[in-house]
Structures are given as structure tokens and as C-alpha cells.
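In what follows, every chain begins at residue 1, and chains take the letters A, B, ... in the order their sequences are listed. Hydrogens, waters and symmetry mates play no part in the numbers below; they use all other heavy atoms, side chains included.
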There are 2 protein chains.
Amino acid sequence: MKKPSLIPHAQAGASGIRDLAARLGISIGTVSRALNDKPDVNPETRKRVIAAASELGYVPQQSGRSLRKGATHNIGLLWEIPEGRAAYGEPFFLSLFGGTQQVLSARGYDLVIMPDQPGATADPLARLRRIIQQRQVDALILPWTRTMDPRLDYLAEVGIPFVALGRSRSGGPHPWIDLDFEQAGEFATARFIAAGHRRIAIAIPADSLMQKRFFLAGYRRALKAAGLPFERALVAEGHVTPAGGYAAATRLLDVIPRPTAMLAIDSSMAVGIYRRLAELGLSCGQDVAVIGGVHDTPMTEFLVPALTCFSLDTVALGRRLAEILLARLDSKANPAGELWPIVLVERQSDRID
Amino acid sequence: MKKPSLIPHAQAGASGIRDLAARLGISIGTVSRALNDKPDVNPETRKRVIAAASELGYVPQQSGRSLRKGATHNIGLLWEIPEGRAAYGEPFFLSLFGGTQQVLSARGYDLVIMPDQPGATADPLARLRRIIQQRQVDALILPWTRTMDPRLDYLAEVGIPFVALGRSRSGGPHPWIDLDFEQAGEFATARFIAAGHRRIAIAIPADSLMQKRFFLAGYRRALKAAGLPFERALVAEGHVTPAGGYAAATRLLDVIPRPTAMLAIDSSMAVGIYRRLAELGLSCGQDVAVIGGVHDTPMTEFLVPALTCFSLDTVALGRRLAEILLARLDSKANPAGELWPIVLVERQSDRID
DNA sequence: CATAACGTCGTAAACGTTTACGGACTAGTC
DNA sequence: GACTAGTCCGTAAACGTTTACGACGTTATG
């Protein structure tokens, strides 16, 4: 009598390579070879095996397979979930995930997103450690690096392949893609200056994200190039959320003389800026020009006035991240970085008309 | 000589329960028992094992463990990623994920989010099948069910424990949580009516989501209760995005006589509605009252005017989903459903003042 | 005809872990 | 002292798969 399966939700009929082999009257070795495209198997037999497998719905079980092969064919993406309700849920990521999964699955890999709450446990690296030590994935994608990023140090130490979204000072050499926030900050600021603005405020994250440094650097560079002074009072740090944008605008618009232009690092902050402008009876575009930053969410063009902000093909970004990682896994590639330009979408919020 | 590990990114020093046992001069069985809180082990030995494990950074490898135990201690969440850039990236989910992960990890489980693109492959269930057949998870969370949902039928067939967000006509009995869209639709409509509105438009998804049916049913119920006629022309179907809201508003505001109130199923549509109102020179609140639906994103209170919409403790929702699933895994619970009320947050968009 | 080469397949070991079973002690009981 | 009970631990068999190796039969080669 067959022992009941340990697996609680075992399917009724199909299960195991053994059953499949028995049903076909061949050995499990042959079945495995047939399904894995190994050479030493009769084309005729292979056909029969594949047919039977699809009929019985047999798919090799992950744990057995990866135990033996030492690879899971899963690519992890460590996703930091901010605590509480305050967070803005980056629509950005959805399409990025789509692009990544698309490329990965074409190569037999799967994307699994592992939510992480660094603040929830004593050890901020707890989840990452578990993922690595339990060998849950073959490689990792790490979105939004920080200036000093212990995650990168840890990953470098254990030597697992990964690709980072964003540069960092931490960790060893590794492949990355970063958006050129410096160029973006410079471009937007220069555009303001060219339009005649002299007092330009900027809103950036309070966090230690790398983006912040670069964005601010670009801003300063443009100021300097135009011979304008850098004023601390025109820089506001806050959450990258509508609430953060509101708080920043509240502070910045109180500065005397009042800034005539505002630059936010992310379009989510622009919503809060819009509100503060309305409260003060200021017209967005007319009295104060606004440029929202990365990213161009599905919402920005429907704001009133439509938000001028930076755009980016997030699907392509997701795809490229996957490609870089796959190349790294094939070890055909040396760790290189890619700096992606982000282009401005001109809409209404920075126009006086 | 030790053979090189098959695992590409094997850590330098630590590896395997064998090394740990050898180092302590005891058998691997004892080590395993010590780490798994099994009874038959000397407290003194247990301490030594735990100390050594944490020193060497030993954590049991997932594949070996789950192969033997027939359980992965992973809970999957199948996340449908819409194709293309058009989609609105539900900020809603971020906090939900946080709540779920929090509860699960307290019980030794982990949440893994598996992005799925049903349209990308010939078989829309491809990814779900792979997850189940490869035994990648012990249980599943399925957000946003449809009226007819093949995923539910499949899950019922294979008998894996799961909890759904949303009801459905498909599948067998299973635990679920749903938001009471019917009550929400009815409440908002009745509120409009009480404020004197007689021509009330509604924007719902074109999709076959269950939410749509219930929301519309509530809307109709309130109309009926007030003796108002139901007009097809006042119902617009579209994408649950700002663009969808814009398109819906464009159609609805052309109806003669023009509606004086608009109800959207989701606050993301409200952004598009706002824009269309502005384009027509109509004042939101004054000329046309607007109530956005579920969910109250971080943005809604910063819109101008602040959006009256339904709110929901998404963190609690995520937590409860996890709890229900855990109860189901302990098989202490029979499949029951929970209907969560969603309360209206009164702000400015539906006020005439 | 002897041998080599080839194509196809079965056998069995391995991957890392958990756990049923039994053995070796010690302590307690009559 | 013989027995039982209890404590702790080692042994070894599983879990499902992949793959190195060798065996077998057939065909080509000399």
C-alpha cells in the first residue's frame, strides 16, 4: 500500500518521476534525461515521455531538483516595504517587474519578489540573510541602493551574483544600472534658469539614497554654471510622498524672497506641492513653475496643470536588469555599470502662458 | 580533498549540517534535533549547537529541508502585472504586503510575491501551474478575484490551501476576505441623494472583477430606494487608472442633462475625473460632486479639492489574510468568508461650500 | 570475424536535510 | 541484582531529482 504523501496538498493522481517512469515502462533516469533535453535519449522515447508528462501534468518538483542541481532557477528581488500607511507605493515598480519577469521566464528563470521590512527586526539584514543562507535564489536584484549600503557589503561577502538599481559606495564591483539623476537635476535647473527663474527650490529625500546626492549635485552644478548662489534654505528634505512634498512646499514657499520655481526629485511629491500652492492662492505654472522628477506615473499627465517631469521606460529598465543578471550568471560579462539618461517630458506645470 | 561545491555562490567557510556536526563532535541527527526544537536533546548540547550555528552562520538549506519535510514554509502571492505602461500601480498593495509579511514571519513563514502576466503566454495559468506543480509554496494568497476565475477552479482542483481577496462564483468553498463594495456603492450614492443630487454617474472597471458587480449593485439599490431611475448612460466602464477616469468623465459629462455627482470605484480614477472637470471649466464640489472609491491612497488628501473616498486599513487587511491562511494551514478552521466594511472619509470633493 | 564506435538505456550515487528507530547509558524501583 | 523507565544520542532511511558510469545491442570499420 502506498504511504500517504507528506505533502499536504499533494495532487490526487499525478506525482513523481517514478510514477511517470513506471507508467512508460522505462527508468527514471531516462525520463529525467528526456525532459531535460539531454543527448542520450531516443527521439521516439523523448516524444513519448513528453507526451505522458504533459498528460499527467508532471513537472519536476523544485526542492528535489534544486537540491541536486544546486540551483533554484529563481531570481529574487528584495523589496523594501516602508512601515505604516504613510508610504507612497511607487507605481514605478509594477512595470519594472513586468519587464524583468518577461525576460527571465524566457530563459527558464522566475522572478520572486521578497518583501522586506528592515526596521521590523533587530537585524536589518535578517531577511536578506535568510534568503542567501537558505539558498532560496540563484541571484538577486536590489532596487535603490543607499550611499552606505550594508546589503551590498553582505552580498559582496557571500559572492552571490546580483545587480543593483543605483550606485553605492559599499560593496565590491558589481553590475548596476542607475538613472542619471545628476544630469536630470542639472537639466531641469538649467531649464528653469533659461526661462528666467533665479530663485529655484528643490525637494529631495531625507533618506540616504544615492539618488539624492546626484540630484542635488546636478542642481548645484546648474546654479554654478549660471553664476547663481546655492542657498541652503531652498533645499527641503522629506519623504518621497505627496505628504512629503506638501511639507517641503510649505517650508520652501515661506522663504523670502519666495522661490519662483520648484524642482522635486519625484513626481509623487508634486501632488503635495500642487496642494500647497493652491492653499496659498498661487497658480502653478503662473506664479511658481514646477518640475516633478522621476518618475512619470500614469497620474502625472492628468494633474492640473499636467506635470512636467522626467520619464523613463520602466519596462525596458526591468528587462535590462534581467539581461544583465542573466549575462552575469552565464559569467560572460564582467561587472559593468550603465548610466541611463532620463528625458524630460514637457507639459504644463513649468510653463507661463 | 573536498570537491568544489556545485552551488555557484557557495559561501567560503560555513556550509552544511555535516561540517557543523563534525566541528562539535556530534552526529548530524543531534544537530538537526537541536536546531528544530525537538525534545530528545540535552539542553547543554542544544546550547552548544545553537551557539556554533550562529557563529558559523549556519542555516538549513531550503531545498534539502523542504524536500524532506514536504513543506517550503513559503507563502506565495500571485500578483497580476498588467502589460504595458498604462497600468496604475496600486499603492494599496505595498502596505498590504507589509502586514502580511509581518504576521507570516512571526510564524516562521515568508511571503514571496510571484508576478504573473497572464496575457504573456498561451496558457494564462502557466505561472500558477508552475508554482503549484513545482511545489514552490505551501499556500497561496490570491488578490482580486474575478466573477469567473479559472485560477480558483484550478486551486480547488489541486487542493492547495489558499485565501482569496474577493469573492467569486468559481472554485469550491474557500476562505476569503472581501471589501463590501456593495455597501460602499450604496452608501455613497445615498449620500449624494441626501445632498440633493438626482443625476448621479458612476465609473467602474471594464474588467470582470467581482468588485464591479457589487459596487454597481449598491449603486442601483440606493437609486431604487430613493425612487430614482437607473440610466445606462450614467454608467461608464473603463480602466481603473487616471486615464480610465478621464475617459469615463469625458463620456459622462456629455450626457444631457449633465450629472451633478460622480462616483468612481477607485480613487485613481478620480484624478482623471478632476482633470476633465477642469477642462470643462466645472468646479469639482461646486458644479459636480465627486466621491472616489476604494482606496484611500497617500495622494487623495492632497488633491485639490481633497478627495472624499473610502478608506481601509490595508495593513490590517494584509495581516488578517495571513492569519486566515495560517489558521487554514493548521486546519483548525473551516473555510469562511469575511466581509469588511469600508468607511467613507469625508473630505472636500463632494461638498458644496 | 574481431573490434571499435555509437546510440540508448538502466543503475546507483549524490544533493542536504529530517526523523523513526534502536542502542547505550543512568537512575529509580522492587 | 534484576528489571523498568527515562535521557540522550547515533544510525540510516527517506524525500525527488539529476547525472556519472557502465551495460547492452546494433552498426560500421578494419
Name each donor-acceptor pair under 3.5 Å that joins a side chain in residues 20-41 of chain A to protein atoms two or more places apart or in another chain, with its distance.
{"unit_1": "A:R23", "atom_1": "NH2", "unit_2": "A:E55", "atom_2": "OE1", "d": "3.3"}
{"unit_1": "A:R23", "atom_1": "NH2", "unit_2": "A:E55", "atom_2": "OE2", "d": "3.3"}
{"unit_1": "A:S27", "atom_1": "OG", "unit_2": "A:G29", "atom_2": "N", "d": "3.4"}
{"unit_1": "A:S27", "atom_1": "OG", "unit_2": "A:T30", "atom_2": "N", "d": "3.4"}
{"unit_1": "A:S27", "atom_1": "OG", "unit_2": "A:T30", "atom_2": "OG1", "d": "3.2"}
{"unit_1": "A:T30", "atom_1": "OG1", "unit_2": "A:R33", "atom_2": "NH2", "d": "3.4"}

Report task. Would you work out how much the helix from C:dC1-D:dG30 to C:dC30-D:dG1 bends between its ends, with each end axis defined by five base pairs, to 10 degrees? Result -> 60°
Whole angstrom value for the distance that separates [atom2] of [N] from [atom1] of [X]:
{"X": "B:I17", "N": "C:dC15", "atom1": "CD1", "atom2": "P", "answer": "14 Å"}
{"X": "A:Q136", "N": "C:dT17", "atom1": "CD", "atom2": "P", "answer": "14 Å"}
{"X": "A:L24", "N": "C:dC9", "atom1": "CG", "atom2": "P", "answer": "11 Å"}
{"X": "B:K38", "N": "C:dT17", "atom1": "NZ", "atom2": "C1'", "answer": "12 Å"}
{"X": "A:Q61", "N": "D:dC15", "atom1": "CD", "atom2": "P", "answer": "11 Å"}
{"X": "A:L20", "N": "D:dT17", "atom1": "CG", "atom2": "C1'", "answer": "13 Å"}
{"X": "B:R68", "N": "D:dT17", "atom1": "CZ", "atom2": "P", "answer": "16 Å"}
{"X": "B:Q62", "N": "D:dC15", "atom1": "CD", "atom2": "C1'", "answer": "14 Å"}

Query raised in the report: Is B:R65 near enough to C:dG16 that one of its side-chain N or O atoms lies under 4.0 angstrom from OP1 or OP2?
Result: no
Please tabulate, for side-chain N and O atoms in residues 70-77 of chain A, each donor-acceptor pair with protein atoms closer than 3.5 Å (sequence neighbours left out).
{"unit_1": "A:T72", "atom_1": "OG1", "unit_2": "A:N74", "atom_2": "N", "d": "3.0"}
{"unit_1": "A:T72", "atom_1": "OG1", "unit_2": "A:D138", "atom_2": "N", "d": "3.4"}
{"unit_1": "A:T72", "atom_1": "OG1", "unit_2": "A:D138", "atom_2": "OD1", "d": "3.0"}
{"unit_1": "A:H73", "atom_1": "ND1", "unit_2": "A:G108", "atom_2": "O", "d": "3.3"}
{"unit_1": "A:N74", "atom_1": "ND2", "unit_2": "B:Q136", "atom_2": "OE1", "d": "3.4"}

Query raised in the report: Would you find a donor on one side and an acceptor on the other, under 3.5 Å apart, between the side chain of B:Q101 and the backbone of B:L111?
Result: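 Present.
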**Report entry** Pairwise salt bridge (charged side-chain N to carboxylate O under 4.0 Å, His left out) hits with a residue in residues 158-177 of chain B, at least two apart
**Finding:** B:R167-B:D178
Query - Inter- and intrachain pairs under salt bridge (charged side-chain N to carboxylate O under 4.0 Å, His left out), touching residues 108-126 of chain A, at least two apart - result: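 For residues 108-126 of chain A, and leaving out neighbouring residues, the salt bridge (charged side-chain N to carboxylate O under 4.0 Å, His left out) pairs sorted by first residue read A:D110-B:R127, A:D110-B:R130, A:D123-A:R129.
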Requested in this report: Would you check if the distance from the ring center of B:F97 to the ring center of B:W79 is below 6.0 Å?
Outcome: yes
Requested in this report: Could you check B:I28 against B:G64 and say which one's nearest nucleotide on DNA chain D is further toward the 5' end?
Outcome: B:I28
Report task. Apply salt bridge (Lys or Arg N to Asp or Glu O under 4.0 Å) to A:E323 and list each qualifying residue two or more places apart in sequence or on a separate chain. Result ->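 In terms of salt bridge (Lys or Arg N to Asp or Glu O under 4.0 Å), with neighbours along the sequence ignored, A:E323 is linked to A:R320.
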Query raised in the report: For A:A336, what residues pass the side chain to side chain contact (heavy atoms under 4.5 Å, CB included) criterion, not counting sequence neighbours?
Result: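 A:A336: no side chain to side chain contact (heavy atoms under 4.5 Å, CB included) contacts found.
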Report task. Kindly write out the residues that satisfy side chain to side chain contact (heavy atoms under 4.5 Å, CB included) with A:N42, not counting sequence neighbours, or none if the list is empty. Result -> A:E44, A:T45
Collect all protein-nucleotide pairs involving nucleotides 23-25 of chain C in which both atoms are nitrogen or oxygen and the distance is under 3.5 Å.
none

Query raised in the report: Can you list every pair that meets ring-ring contact (aromatic ring centres under 6.0 Å, His included) and has a residue in residues 120-141 of chain A, with sequence neighbours left out?
Result: none
Query raised in the report: Got a sec, which residues hit side chain to side chain donor-acceptor pair (under 3.5 Å) with A:R319, two or more places apart in sequence or on another chain?
Result: none
Polar pairs (N or O, both sides) under 3.5 Å between protein and nucleotides 5-9 of chain D?
{"unit_1": "D:dC9", "atom_1": "OP1", "unit_2": "B:T45", "atom_2": "OG1", "d": "2.7"}
{"unit_1": "D:dC9", "atom_1": "OP2", "unit_2": "B:N42", "atom_2": "N", "d": "2.9"}
{"unit_1": "D:dC9", "atom_1": "OP2", "unit_2": "B:T45", "atom_2": "OG1", "d": "3.3"}
{"unit_1": "D:dC9", "atom_1": "N4", "unit_2": "B:D40", "atom_2": "OD2", "d": "3.3"}

Query raised in the report: Side chain of A:L67: nearest nucleotide among C:dT17, C:dT19, C:dG16?
Result: C:dG16
